[in-house]
Every structure is written in C-alpha cells, then in structure tokens.
S.K.: 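I am attaching a structure below and will ask some questions about it afterwards.
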Amino acid sequence: KERTRLEATLTLVDYLREHMIPKMYADDLHMLRLAHETESMVLNAEMILRASLFRTESRGWHFRED
C-alpha cells in the first residue's frame, strides 16, 4: 500500500459512489439485492481505503510501502 495508489483508488471509488451508484436500478428483487450489495461493497472499499491512508505504520496484514 502506497499513498498515491491509495488516493488514486479512493478517487475511483468516489466516482463510483457519486456517479454510478445513483444510476443503478432493479427490474426485480434479485437485481435489487445485487444493487444493495454493490452499494455496500463501494462503501466498504471507501472505509478500507480511508483507514489505510490514515494508518501509516505497518503491522500484521497492513503493510505500507512508503
């Protein structure tokens, strides 16, 4: 994990959250479930990226390259 790559990925996740998630729609309950799961995955990715940016030391599975 390196700061510039984390920030670039966070930019992509922000784009998905702001532009793609609001355009999702569901024709049936199965697609509605998938849409909710996708929204949750984007939120989870954002939380992981922000936590990784905040945490600067390496320990356990969290390894910072910079």
S.K.: Which value, rounded to the nearest 0.5 Å, describes the distance between Arg17 atom CZ and Asp14 atom CG?
M.R.: 4.5 Å

S.K.: To the nearest 0.5 Å, what is the distance between CD1 (Ile48) and OG1 (Thr9)?
M.R.: 12.0 Å

S.K.: Can you confirm whether more than 12 heavy atoms, excluding those of Met20, are under 6.0 Å from its CE atom?
M.R.: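 12 or below, so no.
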
S.K.: So, taking the atom named CZ in Arg5 and the one named CG in Leu10, what distance separates them when rounded to the nearest 0.5 Å?
M.R.: 14.5 Å

S.K.: Testing the basics here: between Leu16 and Pro22, what is the closest heavy-atom pair and its distance to 0.1 Å?
M.R.: O-CD, 4.5 Å

S.K.: How long is the span from the CE atom in Met47 to the OG atom in Ser52, to the nearest 0.5 Å?
M.R.: 12.0 Å

S.K.: Quick check for you: to the nearest 0.5 Å, what is the distance between Ile21 atom CD1 and His36 atom NE2?
M.R.: 11.0 Å

S.K.: Could you walk me through whether Arg50 and Leu53 pass the side-chain contact (heavy atoms from CB on, under 4.5 Å) test, one step at a time?
M.R.: CA-CA 5 Å; Arg50 290 192 188 281; Leu53 280 169; 5.5 Å; no

S.K.: For a 4.5 angstrom cut-off between non-hydrogen side-chain atoms, does Met41 reach Asn44?
M.R.: no

S.K.: Got a second to check how far Leu6's CG is from Thr11's OG1, nearest 0.5 Å?
M.R.: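 Result: 10.5 Å between the selected atoms.
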
